[in-house]
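A note on names: the letters A, B, ... follow the listed sequences, proteins ahead of strands, and every chain is numbered from 1. Just so you know, these numbers use all the heavy atoms, side chains as well, and skip hydrogens, waters and symmetry mates.
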2 protein chains.
Amino acid sequence: MTGISTFRKHASDVINWIIDYYKNIKAYPVKSVVKPREIFNQLPAKPPEHGEKFDTLLEDLNKIIIPGMTHWQHPDFFAYFPANTSFPSILGEMITAALGAQCMKWETSPAAAELEEMMMNWLKQMTGLPQAFHGVIQDTASTATLCAILTARESLSDFKINSEGYSGQQFRVYCSEEAHSSVEKAVKIAGIGSRNLIKIKTDAVFALIPEELEKAIKRDVESGLTPLCVVAALGTTGSTAVDPLEQISKITKKFGIWLHIDAAYAGSALILPEYRWMIKGIENADSFVFNPHKWLFINFDCSAYFVQSKEKLVHTFRLVPEYLKTSTDGEVNDYSDWGIQLGRRFRALKLWFVLRSFGIIGLQEKLRTHISLARFFADEITKTGSFKLMAPVNFGLVCFRYVPEGSMGKKELDELNERLLHEINDSGKIYLSHTRLNGEYTLRIQTNQTSVTHENVMEAIKLIEDAASGITANYE
Amino acid sequence: MTGISTFRKHASDVINWIIDYYKNIKAYPVKSVVKPREIFNQLPAKPPEHGEKFDTLLEDLNKIIIPGMTHWQHPDFFAYFPANTSFPSILGEMITAALGAQCMKWETSPAAAELEEMMMNWLKQMTGLPQAFHGVIQDTASTATLCAILTARESLSDFKINSEGYSGQQFRVYCSEEAHSSVEKAVKIAGIGSRNLIKIKTDAVFALIPEELEKAIKRDVESGLTPLCVVAALGTTGSTAVDPLEQISKITKKFGIWLHIDAAYAGSALILPEYRWMIKGIENADSFVFNPHKWLFINFDCSAYFVQSKEKLVHTFRLVPEYLKTSTDGEVNDYSDWGIQLGRRFRALKLWFVLRSFGIIGLQEKLRTHISLARFFADEITKTGSFKLMAPVNFGLVCFRYVPEGSMGKKELDELNERLLHEINDSGKIYLSHTRLNGEYTLRIQTNQTSVTHENVMEAIKLIEDAASGITANYE
């Protein structure tokens with residue numbers, strides 16, 4: 001069951017399983033319809049004494065697990081942001097799993113460290129980031145943002161909090177009201193306290209208002225507080241709003257504050273020259289993160305984190321106990337010194353496979369298609385006047401709301417849209433998610449799934465319109 | 001290049017590649033012999049404009065990457081601790097990659113969340129952990145230990161540092177001198193300061209001396225400092241020393257201090273009843289981590305983190321912005337609330353595959369074999385009197401040192417052993433690592449690689465003895 005002699009047969013079964021899964025994926029409800037404990041209760045409460053046959057595992061996978069999965073690679077998956085994979089990425093993951101290398105230090109896998117460095121260089125070129133930046137793969141943007149805030153904290157405190165702990169500093173961190181919750185999580189973990197995270201007002205398109213930022217910083221300085229870091233968002237989670245980086249970067253420069261950029265989703269769009277306006281001012285940023293595992297067809301996890309100063313990053317995290325000393329310490333990039341975890345998977349491999357399999361042009365084509373699908377959806381859904389857009393369509397996400405004729409109040413419309421979302425999702429046919437914009441319940445549809453087509457989007461439009469009509473009929 | 005039509009062919013090529021890799025693995029130098037930049041300089045400095053053929057990728061994998069890999073799955077890999085994989089685990093990773101599910105919330109993949117819960121229950125039973133503990137998969141023990149210290153910080157501060165930041169508290173964290181560097185990393189990240197990490201003296205077998213711990217705590221209390229957390233190690237990284245948990249747990253109970261247990265490597269040995277003595281007193285622990293990705297044949301990353309109170313853990317990390325609200329919030333386990341990262345891979349699947357493929361008895365057999373190989377190595381290497389053991393052989397690791405006849409001083413012996421290590425590793429035939437025990441340079445050999453055999457260990461003994469003779473001859 002566990003040896004190489006049977007691996008060929010089992011691997012071949014798994015490949016067939018994967019191909020069948022992708023071929024038949026439309027047959028699955030995209031969002032699982034199971035109830036809490038439904039899967040759990042089907043699993044034996046005790047582990048087996050003796051090894052079982054692999055066939056049994058695959059049977060149980062089909063019988064027990066798959067009905068409980070939400071299918072993120074389904075072309076009708078329109079929820080959240082995508083967690084795209086692609087076949088070259090899956091092939092890369094297979095080899096990474098087989099090599100089973102622990103890529104903590106350069107010496108524990110030189111090729112992994114050097115491929116990682118080169119892939120980060122490729123991404124810099126593809127996205128137009130400054131060549132002087134240094135890149136490292138992190139697991140998630142949450143972790144990268146935490147690294148940024150910790151490095152800011154240490155740089156500003158002359159690396160003293162690391163060694164001596166807090167002693168009376170009250171730092172302030174700034175982001176927009178629409179910034180991702182990971183900023184607050186990082187501020188808490190770093191010991192800064194969430195009340196010291198100042199959420200700056202946004203404008204009509206949900207982007208941070210730089211004048212408000214500057215006012216807040218000045219107020220804090222006058223009160224004797226210490227502005228530490230601004231997190232600017234390029235593509236917020238709610239509506240993909242783009243904070244005005246150039247103006248923000250002038251403010252952070254003026255006040256000597258760390259500037260971190262969270263472009264988790266929209267950073268991938270920088271491979272399109274028409275989006276490079278977003279990063280005007282980036283040379284003044286201290287750190288930048290985007291997630292190839294969202295919209296660049298790379299399996300999760302693969303978050304690309306770039307910093308202006310690798311010395312500051314390494315100074316924040318590096319610790320070399322005797323058992324981790326190698327003869328190349330200090331000469332090479334030991335990436336475990338570039339973040340929180342010591343252990344690291346060989347994640348650069350799938351990046352290499354995907355970038356080479358698609359090529360820049362292939363990736364650009366995919367992204368432009370996705371963006372045009374979002375625009376198409378926005379145009380179509382608003383045609384009858386029953387739906388309105390809640391935010392500009394900047395990338396591949398549309399924020400919209402059902403506003404049928406009649407004189408419903410805000411609260412009624414909120415409830416109606418929430419019911420509409422659940423009805424749509426419970427159908428299992430498509431999967432959307434939601435947010436609130438200006439306090440209003442808003443439906444979100446992203447059209448960036450690896451295999452999404454024009455037809456999928458047309459079907460989604462019809463389904464949403466039909467569900468809306470149905471729900472209004474019931475409502476009346 | 002990127003579609004399903006070619007995937008069958010490419011996947012079949014990859015499977016053949018994996019099988020060939022494992023069949024021929026003995027032909028590779030176990031530790032890569034490349035020099036810094038040797039791999040980097042072979043990689044094109046620019047990403048390709050157009051997609052390339054998969055065959056080219058596999059060719060380059062063989063030509064450029066593989067010579068730069070250190071082969072962690074090589075049966076002659078004796079360095080560090082193992083990062084074991086196994087064929088059922090690789091098969092699990094393949095399916096996880098293909099499903100590409102983002103398992104952040106229960107709703108985003110109910111089966112992943114519920115399988116994770118059950119697998120953690122299985123591990124509890126297999127290792128004899130209290131049934132009342134709650135388990136969650138983390139990426140690494142570093143992250144788990146950070147989670148423990150953060151939860152301790154928040155519990156003790158009534159969750160106020162999260163919200164208000166530090167205000168004058170000076171916490172103290174305790175571990176032994178031999179504890180892993182991740183404890184210090186966590187203390188720094190949490191804002192406690194490394195000077196507040198008190199490293200307690202160890203005894204003749206490198207285990208924490210509980211009387212010294214109690215003294216240190218008392219001294220701190222008298223000085224007005226706040227003891228926060230004790231990290232006990234079951235199986236230190238240097239020498240696999242086992243801290244006396246029962247005595248430590250009485251002290252932490254008495255003083256109301258958080259007790260976290262780092263059993264990263266040796267926790268797997270708890271599947272053997274003869275090792276259960278280690279966890280006497282565990283019912284008084286607040287948190288416990290061990291890494292199935294080290295010694296339970298599960299691909300990295302898969303760190304099993306258990307807590308007494310899931311409420312405290314969730315209270316420390318939970319944040320639910322509107323775009324992440326689901327209708328099951330609060331009713332189910334949303335595992336992104338149990339740690340730092342929001343995004344999560346479907347890691348429970350490989351655990352399920354491995355536990356079922358081996359069965360408890362199959363895993364126990366593997367571990368007992370590994371332990372007996374370590375004992376065999378220790379017996380053999382010390383026979384001639386030229387090598388001495390530097391620590392007891394508690395599990396599958398032997399700490400030893402070359403002490404040839406003659407009157408060499410400590411420093412000379414340190415240098416000799418360091419040269420011996422490099423000579424052995426540079427041969428590419430086996431790969432050992434080192435540490436310092438009582439300040440003395442010590443060679444480490446772990447005999448826990450998935451496929452290691454008696455023959456591999458015999459060859460290693462011969463190789464080490466020959467290299468030692470050679471180096472002494474040169475030295476004289």
Do you know which of [options] has the most heavy-atom pairs with chain B at a distance under 4.5 angstrom?
options                           : result
I95(A), T85(A), D13(A), T56(A)    : I95(A)
L99(A), V354(A), L342(A)          : L99(A)
M126(A), H71(A), H422(A), H180(A) : H180(A)
V320(A), T326(A), L61(A)          : L61(A)
T143(A), L91(A), L146(A), V14(A)  : L91(A)
S12(A), A83(A), P36(A)            : P36(A)

Given that the side chain runs from C-beta out, which part of [X] has a heavy atom under 4.5 Å from chain B: side chain, backbone, both or neither?
X       : answer
T108(A) : both
T140(A) : side chain
F297(A) : neither
Q341(A) : both
E184(A) : both
S32(A)  : side chain
T70(A)  : both
Y21(A)  : side chain
P44(A)  : both
L57(A)  : both
E49(A)  : both
N162(A) : both
L437(A) : neither
F171(A) : neither

- Task: In plain terms, say whether K31(A) and E107(B) are close enough for a salt bridge, that is, a side-chain N and a carboxylate O under 4.0 Å apart.
- Result: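 Between E107(B) and K31(A) there is a salt bridge, with a charged N closer than 4.0 Å to a carboxylate O.
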- Item | N-O pairing of D60(B) and R356(A) below 4.0 Å |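 A salt bridge is present here (some side-chain N lies under 4.0 Å from a carboxylate O).
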- Item | Part of T328(B) lying under 4.5 Å from any heavy atom of chain A |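 Looking at T328(B), just its side chain touches chain A.
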- Item | Proximal component of S142(B), with respect to chain A [non-hydrogen, under 4.5 Å] |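 For S142(B), the contact with chain A is made by the side chain alone.
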Examine distances only and state if a side-chain atom of [X] and a backbone atom of [Y] form a donor-acceptor pair shorter than 3.5 Å.
X       : Y       : result
S433(A) : Y80(A)  : yes
N84(B)  : T450(B) : yes
K188(B) : S163(A) : no
R153(A) : I189(B) : yes
K350(A) : N299(A) : yes

- If a pair satisfies side-chain hydrogen bond (donor to acceptor under 3.5 Å, both in side chains) and one of its residues is in residues 35-46 of chain B, list it, with sequence neighbours excluded.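 Every pair satisfying side-chain hydrogen bond (donor to acceptor under 3.5 Å, both in side chains) with a residue in residues 35-46 of chain B: E117(A)-R37(B).
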- Evaluate side chain to side chain contact (heavy atoms under 4.5 Å, CB included) for F317(B) paired with S336(B), printing each intermediate quantity in order. CA-CA 8 Å; F317(B) 291 109; S336(B) 62; over 6 Å; no
- Ring-face cation of R444(B) near F81(B) (centre distance under 6.0 Å, axis angle within 45°):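 Yes, R444(B) lies over the aromatic ring of F81(B).
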Quick check for you: among [options], which has the greatest number of heavy-atom pairs under 4.5 Å with chain A?
options                            : value
F353(B), F346(B), W17(B)           : F353(B)
K185(B), M69(B), E93(B), R344(B)   : K185(B)
L123(B), T442(B), L349(B), I340(B) : I340(B)
E154(B), Q102(B), H293(B), K23(B)  : Q102(B)
I161(B), V332(B), L115(B)          : L115(B)
R436(B), E322(B), R195(B), Q170(B) : E322(B)

- Where do R345(A) and D139(A) land on the salt bridge (Lys or Arg N to Asp or Glu O under 4.0 Å) test, with the steps shown first? CA-CA 10 Å; R345(A) 290 199 304 137; D139(A) 53 2; over 6 Å; no
- Please lay out, stage by stage, how F7(B) and Y22(A) fare under the test ring-ring contact (aromatic ring centres under 6.0 Å, His included). CA-CA 11 Å; F7(B) 177 69; Y22(A) 275 89; 7.5 Å; no
- Message: Among residues at least two apart in sequence or on other chains, which ones pass side-chain hydrogen bond (donor to acceptor under 3.5 Å, both in side chains) with N16(B)?
- Response: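 Checked N16(B) against side-chain hydrogen bond (donor to acceptor under 3.5 Å, both in side chains); matches are R8(A).
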- Take H50(B) and F358(A) through the side chain to side chain contact (heavy atoms under 4.5 Å, CB included) test and state the conclusion after the steps. CA-CA 7 Å; H50(B) 297 278; F358(A) 284 90; over 6 Å; no
- Message: As a quick check of understanding, evaluate side-chain hydrogen bond (donor to acceptor under 3.5 Å, both in side chains) for W106(B) and E114(B), giving each step before the final call.
- Response: CA-CA 8 Å; W106(B) 179 88; E114(B) 299 198 354; 2.9 Å; yes
- Item | Residue pair Y441(B), H434(B): steps toward the ring-ring contact (aromatic ring centres under 6.0 Å, His included) verdict | CA-CA 7 Å; Y441(B) 197 94; H434(B) 81 284; 4.6 Å; yes
